[in-house]
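Below is one structure, written out as structure tokens; comments come after it.
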Amino acid sequence: MHTERNHDRYFSSELLNWYDVNKRDLPWRRSRDPYHIWVSEIMLQQTRVDTVIPYFHRFIERFPTIEALADAPEDDVLKCWEGLGYYSRARNLQSAARQITEQYGGVMPSGKEEVAGLKGVGPYTAGAIRSIAFNIPAAAVDGNVMRVLSRYFLIEDDIMKIKTRTRMEELVLTLVPEGRASDFTQALMELGALICTPKSPKCLVCPVMEDCAGRLEGKEESLPVKTKAKPPRPEHRLAAIVEGTGVHEGKILIRKRPAAGLLAGMWELPHIEVPSGLSAVSTKGAAELSDVSAVSTKGSAAASDTAYVHSGAVVVPPENAAAVIGLTDGLLAEGIPARPIGHYMDAEHTFSHIQWKMSVYRCVWQEEPESLSGLQAAETAAAYEAGETNDYRWIDAGDMERYAFPNVFIRILTSYFSKRDAAGSR
DNA sequence: CATGCGTGGCT
DNA sequence: TAGCCAAGCAT
């Protein structure tokens with residue numbers, strides 16, 4: 001029978017022995033540069049290893065040092081982060097790089113207060129940087145670690161509670177073997193990633209299975225205890241592909257999102273939310289609109305079996321009329337005098353907390369603008385959402401590499417440009 | 001302490 | 001397929 005003390009030593013030494021043999025060869029493990037460790041830890045927050053690897057390589061190549069990151073334009077950093085999600089991570093990372101450049105001469109500090117004081121660095125990441133990069137005995141308790149510990153020590157507290165994580169941090173500190181903080185932190189997470197997985201844990205090949213209280217109680221599948229997240233709330237949105245005329249012929253209009261909140265600082269197609277009372281974005285109706293949009297200008301839509309109403313110059317099925325009027329008015333309220341000329345596609349995008357159901361319309365500019373000055377001067381130009389965004393650009397396919405877009409807009413834009421260019425070359 | 005904040009892979 | 005989930009942090 002193990003005493004409490006031997007119990008702990010058994011766990012730590014078996015875990016380390018296993019890690020020495022089974023650890024993966026990951027890019028950030030080929031370096032002890034605290035900057036590399038730091039970047040990898042930020043990228044790995046809520047994100048899978050396989051997803052992170054290519055981003056990590058590109059990021060380090062593009063911003064080789066903390067100072068290079070500090071000196072870069074924010075748009076460049078966001079572009080490098082494009083598609084990775086949780087974009088505040090990128091903005092906070094650069095903010096912290098500037099912090100380190102100014103306060104610590106460009107050298108990552110190792111002190112607890114200093115590291116934890118960096119923007120975007122919370123309790124987990126602070127512990128990870130200090131233990132992994134500096135081999136300091138510090139707790140880095142993430143989802144993996146909480147899963148491993150809750151099973152091994154049969155801890156049935158809800159891991160969504162802060163208190164549970166704090167308790168586990170204290171527990172970890174009692175387990176760190178002398179002089180091996182770096183390996184121990186990584187070993188704990190590696191076990192969670194490879195063996196002690198959320199579903200179907202591989203107990204039979206686990207190095208500490210003999211003493212795992214959770215497994216001995218048959219509870220390995222039901223641990224950790226975790227309150228489940230609320231499902232995302234649906235949001236109907238109408239997006240516009242505004243096609244330029246005159247000097248902007250062949251280009252479409254994009255705008256920059258506000259500096260705070262959802263997708264902060266990213267570029268996007270202009271779009272508005274459809275009030276939830278207005279069930280305007282019927283997929284069926286949208287498809288019908290798409291079918292008739294080509295003939296609508298000839299005024300022959302009345303020949304169709306379905307009854308259509310006129311909303312401005314575009315012919316739409318009744319259930320879409322309100323939506324298209326809403327889009328026209330919504331764009332105008334932002335100073336964009338555009339007119340929908342037909343449905344282009346539907347797109348769904350699910351965030352952690354919101355599900356966008358987008359209906360995308362091709363639109364034409366109603367004037368012959370020489371520039372955006374008319375747009376910006378428009379008296380009706382309202383603040384975009386609450387963010388006061390007034391940054392618009394006309395872009396073509398080649399310009400896409402210069403702006404950072406959320407994935408949903410990349411999908412729409414890529415589809416639009418490729419389809420249009422294919423049609424144009426015929 | 002609860003909520004806002006992305007995305008893609010898995011079952 | 002439609003949830004679930006994955007190396008969290010800021011507020």
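Letters A, B, ... mirror the listed sequences (proteins, then strands); counts begin at 1. On a predicted model such as this, the values are computed, not experimentally measured, just so you know. Just so you know, these numbers use all the heavy atoms, side chains as well, and skip hydrogens, waters and symmetry mates.
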Quiz prompt | Whole-angstrom distance between dG8(B) and dC9(C), as gauged at atom P | solution = 22 Å
Self-check item: Value in whole Å for how far the C1' atom of dC9(C) lies from CD of E41(A)
Solution: 14 Å
Practice problem: Might you work through the salt bridge (charged side-chain N to carboxylate O under 4.0 Å, His left out) test for D157(A) and R165(A), ending with a clear yes or no? | Solution: CA-CA 10 Å; D157(A) 302 329; R165(A) 196 207 64 220; over 6 Å; no
Quiz item: Angle class for the W365(A)/W394(A) ring planes (parallel below 30°, perpendicular above 60°, tilted otherwise)?
Solution: perpendicular
Exercise. Let me know the distance between CZ of R91(A) and P of dG4(B), rounded to the nearest Å.
Key: 18 Å
Practice problem: Give, ordered by number, those residues of residues 15-24 of chain A having at least one heavy-atom distance below 4.0 Å to an atom of DNA chain B; if nothing qualifies, reply none. | Solution: none
Identify each atom pair where a protein N or O and an N or O of nucleotides 1-3 of chain B are less than 3.5 Å apart, giving names and distance.
residue : atom : partner : partner atom : Å
dC1(B)  : OP2  : I162(A) : N            : 3.4

Self-check item: Test of ring centre spacing under 6.0 Å for F351(A) and H349(A)
Solution: yes
Quiz item: Is V121(A) touching bases, backbone alone, or none of the nucleic acid, heavy atoms closer than 4.0 Å?
Solution: sugar-phosphate
Quiz item: In terms of heavy-atom contacts, does NZ of K251(A) have more than 12 from other residues, nucleotides or ligands at under 6.0 Å?
Solution: yes
Self-check item: Aromatic ring proximity Y361(A)/Y344(A), centre distance under 6.0 Å
Solution: no
Practice problem: Count the heavy atoms of every other residue, nucleotide or ligand shown that sit under 6.0 Å from CD of E235(A), and state whether that count exceeds 12. | Solution: yes
Quiz item: Roughly, in whole Å, what's the span from CD in Q355(A) to C1' in dG3(C)?
Solution: 11 Å
Quiz item: Would a 4.5 Å heavy-atom cut-off, applied to side chains only, mark L118(A) and M108(A) as touching?
Solution: yes
Exercise. Please state whether the rings of F184(A) and F11(A) are parallel, tilted or perpendicular, taking 30° and 60° as the class boundaries.
Key: perpendicular
Practice problem: Rounded to the nearest angstrom, tell me the gap between atom CG in L118(A) and atom C1' in dC9(C). | Solution: 13 Å
Quiz item: How does each nucleotide of nucleotides 5-11 of chain B score, in 5' to 3' order, for protein heavy atoms under 4.0 Å: base (B), sugar-phosphate only (S), or none (-)?
Solution: BBBB---
Quiz item: Given D399(A) and R393(A), is the salt bridge (charged side-chain N to carboxylate O under 4.0 Å, His left out) satisfied, shown in steps?
Solution: CA-CA 10 Å; D399(A) 294 323; R393(A) 304 286 164 84; over 6 Å; no
Quiz item: Mapping S40(A) and A116(A) onto DNA chain C by nearest heavy atom, which one lands closer to the 5' end?
Solution: S40(A)
Quiz prompt | Contact check, side chains of Q94(A) and E74(A), non-hydrogen atoms, under 4.5 Å | solution = yes
Exercise. Would you kindly give the NZ-to-P distance between K228(A) and dG3(C), to the nearest whole Å?
Key: 11 Å
Exercise. Verify whether the ring centers belonging to F409(A) and H271(A) lie closer than 6.0 Å.
Key: yes
Quiz prompt | Whole angstrom value for the distance that separates C1' of dG4(B) from CH2 of W356(A) | solution = 14 Å
Quiz item: Are the side chain of R151(A) and the backbone N or O of R215(A) linked by a donor-acceptor pair below 3.5 Å?
Solution: no
Practice problem: Looking at every strand, decide which applies to I37(A) at a 4.0 Å heavy-atom threshold: base, sugar-phosphate, or nothing. | Solution: nothing
Quiz item: Touch check for P231(A), heavy atoms < 4.0 angstrom, all strands: base, sugar-phosphate only, or nothing?
Solution: nothing
Quiz item: R257(A) has an atom CZ; how far is it from atom P of dG4(B), in whole Å?
Solution: 15 Å
Quiz item: Could you give the CZ-to-C1' distance, from R165(A) to dA10(C), as a whole number of Å?
Solution: 13 Å
